[in-house]
Amino acid sequence: MMPRCPHCQSFAFLDWTACGSCGVELGYRYTTLSFLQVHPEGTVADGDTWRTCSNRDWGCNWLVADSEESGRCFSCRLSRRLPDRDDTIAWEKLKDTGIAKRRLLVQLFELGLPVTPYYEKEGGLGFDLLSSLSGERVTIGHANGIITLDLAETLDAYRENLRVRLGEPYRTMLGHFRHEIGHYYQWVLVTSDEQWAACRALFGDERASYQDAIQRHYREGAPVDWADSFISEYATMHPWEDFAESFAHYLHITGTLATAAAAGVILSVDRVQGIIDHDVVPESDYSALGIDRMLDDWHWLSLMFNRVNRSMGQSDLYPFTLTEPVIAKLRFVHELVAGS
């Protein structure tokens, strides 16, 4: 999650088009999860020539290889529908959405999850990134591999109004991507009868009427004791949403731990005696270490991150509680991801 500038070796943010330290122009090569220095004539690496995406003027910093025979990078090619080109307001919001989308894809690659485009396979992954600000009705959701998001959610005031109105402790564009990709991977990763039986035992039977569940949820709200068994109120609506919320939180946790690991963060027992009884050393990959180790690291790191946020007068970075039923759901997700 923290690549380096190929010129000066400084840490580089995933959305940078130029190094903040030395100023060289950068392009992200998704096949190696690393930056290359951009040259006008193209940059040769591993026998291929890499060039900037044709959407670079709209904020995309990914590269595309000549062998791909496209002017658009892999991330941009996954976008099935976009606003009209003359809708410059919507395209400005698309720049911000693109950052979250590319961050999602990088994490999927890091976890080793399969990403098959919609144009290669029926039910493959694709994105409809549309704007309700343009007068179009946009319903955020997932259907047959296609994830639809509303670009209006990049507006802080708009998104915050919805967050408060819906009683959510957390609402971001990256969170939307991680939730909706959970719907996609439920159908990609849960394939055998045994897996579906285990999934239904934890999350409930997804074959229950979704429309009835929606109406019940918005009429009655979540059960009073929802926090005992669910990660969020929205997760109580339907087994689909419970799985997607659990998957999103798995990505929240693993993504933040990977960033902490790349930054060299360690909680030393010598520095915080009486609080922890062992050094907490986050890892970038927990596939072999198991979820118990991952969640132990996360328990202590999230407490530290929450205190950091409060030091800046912000809300907690991770304002959620992981109960045993929720941990069981995260364990199921971890086994799916590790097994992929």
Side-chain angles (χ1 to χ4, degrees), residues 1-83 85 90-120 124-129 145-147 149 151 154 173-174 176-178 180-181 184 251 255 258-259 262:
M1 272 291 184
M2 293 185 68
R4 294 175 181 267
C5 169
H7 183 257
C8 71
Q9 295 303 305
S10 298
F11 283 127
F13 288 101
L14 285 174
D15 59 320
W16 275 2
T17 55
C19 177
S21 297
C22 68
V24 302
E25 192 172 0
L26 299 175
Y28 192 78
R29 182 164 61 138
Y30 71 95
T31 56
T32 57
L33 303 180
S34 62
F35 278 109
L36 293 177
Q37 184 173 348
V38 170
H39 300 285
E41 68 278 9
T43 303
V44 177
D46 298 329
D48 214 336
T49 300
W50 294 81
R51 307 181 191 279
T52 56
C53 175
S54 60
N55 284 329
R56 192 172 178 89
D57 287 346
W58 289 102
C60 181
N61 68 340
W62 277 26
L63 299 174
V64 56
D66 284 353
S67 60
E68 295 178 74
E69 298 181 347
S70 174
R72 295 185 300 153
C73 71
F74 181 77
S75 174
C76 288
R77 294 200 302 275
L78 286 176
S79 297
R80 189 183 70 159
R81 290 185 60 201
L82 297 171
R85 277 284 183 173
W91 272 77
E92 283 292 338
K93 305 311 171 190
L94 184 63
K95 291 172 62 175
D96 297 329
T97 302
I99 293 172
K101 173 166 160 258
R102 292 188 295 276
R103 178 172 287 274
L104 170 74
L105 291 173
V106 168
Q107 186 177 16
L108 300 182
F109 295 145
E110 287 181 327
L111 290 172
L113 287 165
V115 181
T116 304
Y118 73 94
Y119 50 81
E120 291 184 1
L125 181 62
F127 299 89
D128 288 352
L129 305 177
I146 303 300
I147 291 171
L149 290 182
L151 301 179
T154 62
M173 187 60 82
L174 180 58
H176 285 320
F177 274 112
R178 286 173 168 168
E180 298 304 335
I181 205 71
Y184 172 74
L251 296 186
T259 299

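We use all heavy atoms of the structure for the numbers below, so side chains are in, but hydrogens, waters and symmetry mates are not.
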List for me each residue that meets side-chain hydrogen bond (donor to acceptor under 3.5 Å, both in side chains) alongside [X], sequence neighbours excluded, and say none if there are none.
X: Arg4; value: none
X: His176; value: Glu153
X: Asp96; value: none
X: Thr116; value: none

Report the residues that fulfil side-chain contact (heavy atoms from CB on, under 4.5 Å) with [X], sequence neighbours left out, ordered by chain and then residue number.
X: Ser10; result: Cys8, Ser21
X: Tyr118; result: Arg80, Ile146
X: Thr43; result: Leu36, His39

Please enumerate all residues that pass ring pair (Phe, Tyr, Trp, His ring centres under 6.0 Å) together with [X], with sequence neighbours excluded.
X: Phe74; result: Tyr30
X: Phe177; result: Phe127
X: Phe13; result: Trp16

- [ ] If a pair satisfies salt bridge (charged side-chain N to carboxylate O under 4.0 Å, His left out) and one of its residues is in residues 19-39, list it, with sequence neighbours excluded.
- [x] Glu25-Arg56, Arg29-Asp46
TODO: Give every residue pair that meets the salt bridge (charged side-chain N to carboxylate O under 4.0 Å, His left out) criterion with at least one member in residues 65-79, sequence neighbours excluded.
DONE: Arg51-Asp66, Glu68-Arg77
